[in-house]
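In what follows, residues are counted from 1 in the order of the sequence shown. The shown structure was predicted, so the numbers you read here are calculated from the model rather than taken from an experiment. Counting starts at 1 for both ligands and their atoms, in listed order.
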Amino acid sequence: MGFNHDRLFSMTILVVEDEKKIAGFIRKGLEEQGFTVAVTHHGDEAYTMARTQVYDVIVLDIMLPGRDGLSILRNLREQKITVPVILLTARTEMNERVEGLNLGADDYITKPFYVEELIARIHAITRRGAGEHRGILQSDDLSVNLITREIKRSDRKIELTPREFNLLEYLMRSPGRVFTRTQILEHVWGYDFDPQTNLVDVYVQRVRRKLAANAEDTLIETVRGVGYRFCKKESE
Ligand code: CA
């Protein structure tokens, strides 16, 4: 994957999450990858820790007892503390997500998520350096702005519905990784059941059509019998 292991194994992550089960699973996943992890379940304590200790990344829940996640973020940025922050958001916290990015969060991840995804986000942020390209996903000539939700292919603006946008974002986050229809349903629609329709296929076709520069061009590949993946560039 090309990341620096010396760097990886010395990274310290602060996890701020009041749901103890989630906090525990994040800690376990990160520690298994060699990260050093500090956990707190309370917003006020989180703020104190973030101000007085040095962390490589803070994973920050929004709804917390005491100070909430967005206030913590705002206050840290006001004090010019630029530690990279990944917000943990609920699917319904759409406005908070955008507000968080505007306040200076580097990224967000929507619950529920696989810990591998969180680790991928941590790598992405530490690779690019805090604050750089904040809130923009870029792949070749396609750019997706997570704050304005503006999508561009070269100079062409692409209009997607909110659901189509979420689908594209989900696949684009992990180029080359194949997602099953079930995973896509869970993440984009929040269904943990199969609606017995070809919902996912229909949406993939739509997004594909809107993104395509020409008839042969497809950024989202079908992996027969498995699901879909966002095309990975050869150079990556
Ligand atoms: Ca919470």
Side-chain angles (χ1 to χ4, degrees), residues 11-33 35-79 81-126 130-131 134-135 146-147 149 162-163 165-166 169-170 173-174 183-193:
M11 272 208 259
T12 304
I13 316 290
L14 173 61
V15 175
V16 185
E17 166 61 83
D18 58 317
E19 284 170 69
K20 301 209 164 118
K21 235 174 105 177
I22 299 178
F25 117 90
I26 296 174
R27 179 203 282 276
K28 184 164 172 284
L30 293 182
E31 283 180 348
E32 278 171 5
Q33 292 296 310
F35 294 100
T36 303
V37 183
V39 173
T40 173
H41 309 298
H42 198 281
D44 296 337
E45 188 181 46
Y47 182 57
T48 306
M49 291 168 84
R51 264 186 335 167
T52 54
Q53 312 284 318
V54 175
Y55 299 100
D56 293 287
V57 175
I58 299 179
V59 177
L60 183 61
D61 188 27
I62 291 184
M63 296 289 283
L64 293 165
R67 212 179 279 257
D68 69 89
L70 293 180
S71 314
I72 295 171
L73 175 64
R74 182 185 299 111
N75 292 334
L76 290 176
R77 294 305 187 235
E78 277 168 5
Q79 296 180 47
I81 297 173
T82 56
V83 52
V85 170
I86 300 175
L87 292 174
L88 295 182
T89 67
R91 206 184 308 280
T92 51
E93 290 174 330
M94 190 78 151
N95 296 335
E96 287 83 350
R97 239 179 266 169
V98 172
E99 192 186 343
L101 289 170
N102 278 324
L103 286 173
D106 294 80
D107 205 349
Y108 58 76
I109 189 164
T110 308
K111 293 191 261 189
F113 55 87
Y114 294 99
V115 79
E116 292 78 17
E117 288 176 50
L118 177 61
I119 291 166
R121 305 283 168 92
I122 291 173
H123 287 149
I125 279 180
T126 50
R134 179 172 287 152
L146 299 173
I147 300 176
R149 295 175 82 83
R163 196 73 82 181
F165 184 98
N166 293 348
E169 180 191 344
Y170 181 51
R173 290 277 195 182
S174 309
Q183 285 174 321
I184 295 170
L185 273 173
E186 270 178 31
H187 280 262
V188 179
W189 279 267
Y191 296 164
D192 50 7
F193 61 94

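The pair D18-R67 does not meet the salt-bridge criterion, since no charged nitrogen lies less than 4.0 angstrom from a carboxylate oxygen.
Looking at heavy atoms from C-beta onward, R163 lies in side-chain contact with V188 at the 4.5 angstrom threshold.
Under 3.0 Å from the Ca ion (ligand 1), one finds the following protein N/O/S atoms: D18 OD1, D61 OD2, M63 O.
Residues passing the salt bridge (Lys or Arg N to Asp or Glu O under 4.0 Å) test with E99, sequence neighbours excluded: R74. Shown here are the salt bridge (Lys or Arg N to Asp or Glu O under 4.0 Å) partners of R51, two or more places apart in sequence or in another chain: there are none. E93 meets the salt bridge (Lys or Arg N to Asp or Glu O under 4.0 Å) test with no other residue; sequence neighbours excluded.
Summarising the geometry, atom CE belonging to M94 is positioned 9.0 Å from atom OG1 belonging to T110; distances are rounded to the nearest 0.5 Å.
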